[in-house]
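Below is one structure; the comments refer to it alone.
Basis for what follows: all heavy atoms, side chains included, without hydrogens, waters or symmetry-related copies.
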Amino acid sequence: MRKKKKLWSSIRLLHPKNLEKEVDAYGYHFSWKAHALLLLFTLAGIGAVGFLFQLSPVLFVVLAAAVACAVPILILDMYKRMYEQKRFADVAAYMEQMLYSFQKTGKVISAWKECLESFSEGQMRQTLERAIRHLEAGKPETEQGVLRESFDMIEAQYGCQKLHIVHELLAGMEDYGGEAENSILLLLEDIANWKKRGYRLQAEKKKSHTDNMISIICSVVLCAVALYVLDQMKHMFAAESSLVVFQIPVIQVSSTVFLMILLYVFVKSVRNLTDDWLTEDAIWEQGYLVKSYDMIRNYDEKKERRKSLICAAPVAVLLCILLLLGKSGWSLVLVIPLVFLMLQHRVGYHIAKKDVTNAMYLSLPQWLMEMALLLQNNNVQVSLMKSMEDAPELLKKELGALMERLKENPGKLQAYTSFCSSFDLPEVSSCMKMLHAVCENGTGNVRVQMQHLLERVNEMQSRADDIANEGIAFRMKLIFSYPVVAATAKLLIDLTVGMIVMLQFLGGMGGH
């Protein structure tokens with residue numbers, strides 16, 4: 001259903017009026033002149049490529065139509081990319097300004113009004129004005145209260161988890177008071193690192209996009225040169241021939257398909273630059289992670305080994321029969337599947353554990369930062385309970401188990417160090433020991449403990465960035481490989497046809 005909606009939304013863009021509306025929705029003015037010029041230059045470029053591959057009129061029209069359909073998508077993506085970049089910059093500027101202003105005034109409404117002055121006309125200013133009006137009206141619509149409803153207006157518009165953490169801190173300070181300076185300094189440092197990571201990731205995406213363009217251009221040049229070389233090889237033979245390799249139907253169709261694939265790769269690469277900057281891409285599906293987590297926690301080696309042996313039994317029987325019949329060659333083919341089936345429980349367990357461990361690494365730094373903020377005004381157990389509300393599903397399971405252990409043994413160190421103990425997360429053990437120390441010593445020594453905790457959080461955040469970037473880099477490398485694979489397939493087809501043509505020439509010469 002989602003794919004159908006995406007397809008329909010792409011088709012709608014073919015109508016210039018619909019494209020104009022979509023561009024206007026991103027806050028930019030649609031230029032008909034720029035649209036016409038871009039379409040003209042694009043068609044001229046594809047005309048040059050079609051001439052290079054000497055496509056027939058019919059196939060060239062098909063290729064030109066595909067390019068014409070892609071142009072509106074690329075135009076919209078260009079505006080969307082600017083829109084997402086501005087949203088990211090606005091949210092970062094808003095969070096920093098709000099924290100600085102709140103530090104001075106101690107009131108959300110005063111901080112909002114001061115923050116409003118730093119934004120010109122646009123989405124952020126309009127959203128802030130709505131939130132201020134709602135707060136000043138003082139009429140709550142839900143049990144959350146008017147302040148959190150006002151915060152929700154901003155969060156709903158931008159959907160950024162970092163924004164929610166800032167608002168929770170401000171709401172807590174507004175409701176209960178307390179010393180805000182340490183918490184604000186913690187968040188300002190975290191936001192600065194978050195901005196750096198965001199811009200660094202986008203720079204890496206642009207570099208990958210450039211690599212993809214180089215891959216596409218090299219693939220086009222390589223395949224075109226190969227065709228011209230094949231076409232000139234006919235002059236090596238004494239027999240005269242009017243045959244043109246480019247005009248062979250298989251060559252014509254394969255060239256068109258090849259160029260269509262490259263067009264798809266180009267569009268896909270461009271679209272990777274337009275992702276929402278404020279939301280982190282999910283590397284794994286949540287359902288898969290929860291299922292894998294439950295499997296790891298309840299893993300029974302003997303039971304899983306029996307399942308694997310049962311699955312491998314038919315292959316083992318077939319292997320024995322082949323050996324008895326003297327078919328040793330065929331039996332060797334079954335050895336690898338047999339070994340895999342016998343060890344599949346171990347393979348599945350290690351893959352699941354690696355994925356869940358990496359997912360934990362991505363989730364834990366943000367949760368620990370929230371814990372550091374909550375501990376400024378709460379004890380450890382209250383902070384743990386509050387942190388569960390917004391924690392990822394995997395951490396909620398671990399936090400639930402932690403709370404149960406603390407009910408039974410409140411002051412026991414093992415209750416804390418057992419947190420995420422099934423996974424290879426040495427930094428977490430250090431952080432939990434610090435939480436235990438804070439719990440035992442009270443909140444008097446929180447400043448020193450939080451400094452150590454934040455050092456661990458920064459270490460984990462660096463590791464989390466590496467994991468996330470590895471996933472993004474892998475996807476981008478896959479895109480880079482598409483033109484290479486397409487060019488390889490195209491060259492195989494062309495060389496096969498070229499060999500057939502050469503054999504025909506040689507046969508013709510032998511006949512003479």
Review item, side-chain donor-acceptor pairs of residues 68-76, under 3.5 Å, at least two apart:
none

Can you list, pair by pair, the side-chain donor-acceptor contacts under 3.5 Å of residues 310-324, counting residues two or more places apart and other chains?
none

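Other residues, nucleotides and ligands contribute only 12 or fewer heavy atoms inside 6.0 Å of the CE atom of Met342.
Residue pairs satisfying the side chain to side chain donor-acceptor pair (under 3.5 Å) criterion with at least one member in residues 306-320, sequence neighbours excluded, are listed as follows: Ser308-His345. Within the structure, every pair that satisfies the salt bridge (Lys or Arg N to Asp or Glu O under 4.0 Å) test and touches residues 341-351, not counting sequence neighbours, is listed here: Glu301-Arg346.
Taking Glu22 as the reference, Arg12 meet the salt bridge (Lys or Arg N to Asp or Glu O under 4.0 Å) condition, with sequence neighbours excluded. When the ring pair (Phe, Tyr, Trp, His ring centres under 6.0 Å) test is applied to Phe88, the partners found at least two apart in sequence or on another chain are Trp194, Tyr199, Trp277. For Ser219, there are no side-chain hydrogen bond (donor to acceptor under 3.5 Å, both in side chains) partners, not counting sequence neighbours. Every residue two or more places apart in sequence or in another chain that forms a side chain to side chain contact (heavy atoms under 4.5 Å, CB included) with Ala224 is listed here: Leu52, Phe53. By the side chain to side chain contact (heavy atoms under 4.5 Å, CB included) test, Met499 is found to be paired with no residue, residues two or more places apart in sequence or in another chain being considered. Not counting sequence neighbours, Val62 has no partner by the side chain to side chain contact (heavy atoms under 4.5 Å, CB included) test. For Gln54, the side chain to side chain contact (heavy atoms under 4.5 Å, CB included) partners at least two apart in sequence or on another chain are Tyr228, Val244, Phe246. For Tyr264, there are no ring pair (Phe, Tyr, Trp, His ring centres under 6.0 Å) partners, not counting sequence neighbours.
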(request) Quick one: do Leu273 and Gln202 satisfy side chain to side chain contact (heavy atoms under 4.5 Å, CB included)? Show the steps, please. (result) CA-CA 7 Å; Leu273 299 175; Gln202 295 307 316; 5.5 Å; no

(request) Check the pair Lys490 / Leu227 against side chain to side chain contact (heavy atoms under 4.5 Å, CB included), numbers first and verdict last. (result) CA-CA 10 Å; Lys490 170 67 174 162; Leu227 281 175; 4.2 Å; yes

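The main-chain N or O of Pro483 is never found under 3.5 Å from a side-chain atom of Ser215 such that the two would form a donor-acceptor pair.
With respect to Lys207 and Asp211, a salt bridge is recorded, a charged nitrogen being found less than 4.0 Å from a carboxylate O.
Aromatic rings of Tyr79 and Tyr28 (six-membered ring for Trp) have centroids within the 6.0 Å cut-off, being under it.
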